[in-house]
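Remarks on the structure that follows.
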Amino acid sequence: MKAITLREGKERSLLRRHPWVFQGSIDKGKADPGETVRVLSCDGRFLAWAAYSPSSMIRVRAWSFDEAERIDASFFEKRIARAVALRGRLAIDSDGVRLIHGEADGLPGLIVDRYADTLSAQFLSAGTERWKDVIADLLVKTTGVPRLYERSDSGVRELEGLEAKTGWLRGSGDTAVTIREHGWQLTLDVAQGHKTGYYLDQRDNRKRFADWVKQLGCKTVLNCYSYTGGFSVAALAGGAEQVVSIDSSAAALARADAHVKLNGFDASRHQSLDADVNATLRQHLKDGRSFDAIVLDPPKFAPTASHAERASRAYKDINRLALKLLAPGGLLLTFSCSGGIGAELFHKIVAGAGMDAEVDGYLIARLEAAPDHPTTIAFPEGEYLKGLAILKR
Ligand code: SAH
């Protein structure tokens, strides 16, 4: 077994069970992509078993902090079983579930979502790439789900020196799948959809939105960055009379229209707008329109903290426009899925937007990713989705 020795003082994060070691923390040692290495402190103490990634800034990702543990098929079987068991204990009202959420499940770089009879996975690190075959067999065996599609086409693979790969790893057939979320039917395509096919992290927020729309009696709803209209279906289910979905993807909007019909809502209650959100909000403001509820769920404006300043301005701008467009007493659900923007900073950005819009509001809830996308105590970086539910004064 090859050993990687850290520089003096650099053992601290592994001792706190944080799974990453950056390139600059390593004193000596090398291995092949994804190879299991023994990570040692400068004085030779065992710290972790880890996967080595020669071209990544995150040079080492820990598999285990237990020296007695062997990194083999039975290790992966235990980790996968533990992750799947956790989801079994959470009351998830859907057959679309994130089964493995990378670092939080002790499997750095592995994302696995279950969509009814199909698994969709991303192998995003050299370590998961190396163990792919073993992991694929175990996923099928542990879950009893026969089909596994690979969506390793995320940009982060490049940072690991891995090329994009997609296709069936186990099973085959139609890549279109229908899931049932809170009793709603939602369709997706594991080959074509964003990420692994859908945004499961917003599941619980979609339900809460439906409940608020109903309770507050929201009639007109603007769903910005709608993707395939999950929040639009929620709004219709909550009794909204007119719902507009805005997205820059025509394919996503076509699916949003199909979702309205599939769930038995009259098509006249929903409109799809293939447009830029920022420009549309400005135009609506000029036209003097207003809405009882607005959802802002933009893509990641700040992938890392270094993008935070520019992203802050972009978040502030859309939130300012949305707060102005909201009818008095209206509901704003505003999100950021940027890892580089923390919850506190996001609140400040929205506060700034309120100042500029000359609008105040009541924060009725703080929102986060559904619990099948867990954060662990040791890895706070895993927290990415944050949102605020605001009632305009
Ligand atoms: N709320 C959705 C997920 C949104 S993902 C859900 O619950 O499923 C973000 C979406 O923003 C993507 O569908 C992407 O196509 C869209 N998008 C990105 N930039 C945009 C822009 N400038 N204007 C409109 N839509 C945009």
Side-chain angles (χ1 to χ4, degrees), residues 94 96-98 113 115 120 154-155 177-179 181-182 184-190 192-210 212-213 221-238 243-260 262-263 270-284 293-303 307 310-311 313-319 321-322 325 332-339 341 367-370 372-373 384-389:
S94 177
V97 178
R98 171 144 304 183
D113 288 331
Y115 298 115
S120 183
S154 157
V177 185
T178 302
I179 60 167
E181 178 181 287
H182 315 302
W184 311 322
Q185 290 194 73
L186 299 167
T187 65
L188 58 108
D189 190 312
V190 290
Q192 307 293 332
H194 291 181
K195 305 205 288 182
T196 65
Y198 193 54
Y199 293 90
L200 295 174
D201 51 0
Q202 290 283 26
R203 178 198 315 112
D204 294 6
N205 297 326
R206 286 188 281 264
K207 174 71 167 90
R208 294 185 80 175
F209 186 57
W212 278 318
V213 165
V221 174
L222 187 61
N223 180 9
C224 302
Y225 309 96
S226 65
Y227 188 48
T228 58
F231 280 104
S232 302
V233 169
L236 291 167
V243 179
V244 182
S245 301
I246 312 179
D247 203 280
S248 53
S249 157
L253 289 171
R255 213 172 263 281
D257 287 329
H259 282 155
V260 173
L262 184 64
N263 288 283
H270 178 255
Q271 186 200 343
S272 277
L273 211 57
D274 180 354
D276 173 65
V277 164
N278 194 304
T280 309
L281 294 179
R282 279 171 206 279
Q283 189 58 46
H284 281 349
I294 300 180
V295 178
L296 290 177
D297 186 19
K300 220 184 272 174
F301 288 161
H307 303 81
R310 223 181 117 208
R313 282 197 293 275
Y315 283 119
K316 185 175 168 187
D317 210 30
I318 54 170
N319 278 281
L321 294 165
L325 273 174
L332 173 65
L333 245 60
T334 180
F335 296 97
S336 162
C337 60
S338 296
I341 306 256
L367 306 170
E368 59 191 358
D372 49 335
H373 301 61
Y384 66 104
L385 181 67
K386 74 266 337 164
L388 301 171

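Counting starts at 1 for both ligands and their atoms, following the listed order.
For the pair Val295 and Arg206, the minimum side-chain heavy-atom distance is 4.5 Å or more. In this structure, Ile294 and Leu325 have side chains that are in contact, with non-hydrogen atoms separated by less than 4.5 Å. When side chains are defined from C-beta on, Thr280 does not count as touching Leu222, because their heavy atoms never get closer than 4.5 Å. The shortest distance between side-chain heavy atoms of Tyr198 and Thr228 falls below 4.5 Å.
Side-chain N/O atoms of Ser232 and His259 include no donor and acceptor closer than 3.5 Å.
Counting the atoms of ligand 1 from 1 in the order shown, those under 4.0 Å from a heavy atom of Tyr227 are 2 (C), 3 (C), 4 (C), 8 (O), 13 (O). Per-residue contacts place Asp276 under 4.0 angstrom from the following atoms of ligand 1 (heavy atoms of the residue considered): 21 (C), 22 (N), 23 (N). Heavy-atom proximity to Phe231, at under 4.0 Å, picks out these atoms of ligand 1: 1 (N), 7 (O). The atoms of ligand 1 that sit less than 4.0 Å from any heavy atom of Pro299 are 9 (C), 11 (O), 18 (C), 19 (N).
A distance below 6.0 Å separates the ring centres of Phe301 and Tyr315.
Within the set Gln202, Lys195, Arg206, His194, the minimum heavy-atom distance to atom 8 (O) of ligand 1 is found for Arg206. With distances taken over non-hydrogen atoms, the option nearest atom 9 (C) of ligand 1 out of Ile246, Leu273, Asp297 is Asp297.
Between Ser249 and ligand 1, not a single N/O pair is under 3.5 Å apart. Note: an N/O pair closer than 3.5 Å links Val277 and ligand 1 by distance alone. Residue Tyr199 has no N or O atom closer than 3.5 Å to an N or O atom of ligand 1. Residue contacts with ligand 1: Asp247 is placed with a nitrogen or oxygen under 3.5 Å of a nitrogen or oxygen of the ligand (distance criterion only).
No more than 12 heavy atoms of other residues, nucleotides or ligands lie within 6.0 Å of NZ in Lys300, so this atom counts as exposed by the packing criterion.
For atom 4 (C) of ligand 1, the closest non-hydrogen atom on the protein side is Tyr225 O, 3.2 Å.
Contacts of Ala275 with ligand 1, taken as heavy-atom pairs under 4.0 Å, involve the backbone alone. With a 4.0 Å cut-off on non-hydrogen atoms, Ser248 touches ligand 1 through its backbone as well as its side chain.
Shown are Tyr227, Phe335, Phe231; of these, the ring-ring contact (aromatic ring centres under 6.0 Å, His included) with Tyr199 is made only by Tyr227.
Ligand 1 has Ser226 within reach: a non-hydrogen atom of the residue lies less than 4.0 Å from it.
Listed for the Lys386 side chain is a donor-acceptor partner under 3.5 Å among the backbone atoms of Ser338.
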